Amino acid sequence: MTPTIRANQLPQEPLEAFCGRICGQIAASLLAGLAVSSPGPALAANIDDTGSSANPFRAVANFYRTRQQANGGSFFLGPIQLSRQRLETAATALESPDSASVQAEIENYTAALESLRAASLDCIVFDFEGKQDLTTAASIGQEYKFGDPCKLRLIVKNATTLTKNEKLVAETEAKMQLFIRQLQLLDDRLDRATQGDVEAGGKSISELLKEAMNTSIEFEDSIKRCLGLEA
């Protein structure tokens, strides 16, 4: 049975003071219950500690920012590094010596395409055949705007809140957009290659993969700078 709160049981202190006291208790509990390392100098430059003890919201914000640096920012950087590893796997598949026959070559392109789509972190749209899995479902979501499953945009959205440098934010977003465009182009080229259309003109697929990996490194460096970590 839900207890009834009478008017005379409500706090008699001003509402603003009451909310501030409760939030202060919550912040104190969080800070006492979790080990918080000191923020690095680059991150500390972006934090205004003036009156943090009197402002529980600032204390929680400082705590959140510090936690993003934990383990070298692995929460943000891990997916980017994993994406690049999958691009390397795609490049390795194209260099496989087992391509003496047309069928073997197509199988290599197919393996590279699968690695590329896994590397895209649900940020590109592609046609697919056969069974539907989480990756193809994310592609459908991209195409029909069922929300945004793109992990790269999610990383940028959160990481850029940790810096006041507008130029860095714009640079990070631009690197992300370039990386996604490169992945989309590679998907198109590899998909056509699996159907025998290899001579598409322009740069080779291997060259495009190398460019995408370089962009991935530059994008990761921008995220590190947003986090206040040395790039």
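Being a predicted model, the structure only gives us computed values, none of them experimental.
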Would you check, one step at a time, whether the test side-chain contact (heavy atoms from CB on, under 4.5 Å) holds for Arg153 with Ile180? CA-CA 10 Å; Arg153 277 192 280 269; Ile180 292 174; 3.6 Å; yes
Closest non-hydrogen contact found for Phe219 with Ile80 is CE2-CD1, 3.6 Å
Going by the salt bridge (Lys or Arg N to Asp or Glu O under 4.0 Å) test, name the single residue among Asp188, Asp122, Asp187 that passes it with Arg117. Asp187
Connected via hydrophobic side-chain network under 4.5 Å: Leu185 and Leu209: yes
Can you tell me how far apart OG1 (Thr92) and CG (Leu87) are? Round to the nearest 0.5 Å. 10.5 Å
Quick one: closest heavy-atom pair of Ser115 and Thr89, and the distance? OG-CG2, 3.5 Å
Are more than 12 heavy atoms from other residues, nucleotides or ligands located less than 6.0 Å from atom CD of Gln195? yes
Are Leu229 and Val156 connected in a single hydrophobic cluster, I mean Ile/Leu/Val/Met/Phe/Trp/Tyr linked by side-chain heavy atoms less than 4.5 Å apart? yes
Common cluster, Val169/Leu77, ILVMFWY with side-chain heavy-atom separation under 4.5 Å: no
Keeping the roles fixed (side chain from Thr163, backbone from Cys226), state whether a donor-acceptor pair exists under 3.5 Å. no
Before accepting this row, confirm whether a basic side-chain N of the pair Glu171/Arg225 lies closer than 4.0 Å to the acidic partner's carboxylate O. yes
Whether Thr161 side chain and Asn158 backbone form a donor-acceptor pair below 3.5 Å: yes
Could you tell me which non-hydrogen atom of Ala91 sits nearest to which non-hydrogen atom of Met213, and how far apart they are? CB-CE, 4.3 Å
For Ser222 and Leu168, which heavy atoms make the closest approach, and how far apart are they? O-CD1, 4.0 Å
Distance from Thr215 atom OG1 to Leu183 atom CG, nearest 0.5 Å? 9.0 Å
Apply side-chain contact (heavy atoms from CB on, under 4.5 Å) to the pair Arg189 and Leu186, showing each step before the final yes or no. CA-CA 5 Å; Arg189 289 287 300 276; Leu186 276 163; 5.5 Å; no
Polar side-chain atom of Thr110 near backbone of Ile106 as donor-acceptor pair, under 3.5 Å: yes
Could you state whether Tyr109 and Leu208 fall into the same hydrophobic cluster, counting links through intermediate Ile, Leu, Val, Met, Phe, Trp or Tyr residues with side-chain heavy atoms under 4.5 angstrom apart? yes
In Å and rounded to the nearest 0.5 Å, what is the SG to CE distance from Cys150 to Met176? 6.5 Å
Approximate separation, where rounding is to 0.5 Å, of Lys175 NZ and Ile223 CD1: 12.5 Å
Hphob cluster co-occupancy, Phe75 + Leu227, side-chain heavy atoms under 4.5 angstrom: yes
State the CD-CZ distance between Gln184 and Phe179, to the nearest 0.5 angstrom. 12.5 Å
Residue pairs meeting salt bridge (charged side-chain N to carboxylate O under 4.0 Å, His left out), one or both in residues 207-216, sequence neighbours left out, come to Lys203-Glu211
Of all heavy-atom pairs between Leu113 and Leu190, which one has the smallest distance, and what is that distance? CD1-CB, 3.8 Å
May I have all residue pairs that pass salt bridge (charged side-chain N to carboxylate O under 4.0 Å, His left out) and include part of residues 74-89, sequence neighbours excluded? Arg84-Glu220
Could you state the interatomic distance from CG (Leu152) to CG (Leu121), rounded to the nearest 0.5 Å? 5.0 Å
Which heavy atom of Ser206 sits nearest to which heavy atom of Leu94, and what is that distance? OG-CD1, 4.1 Å
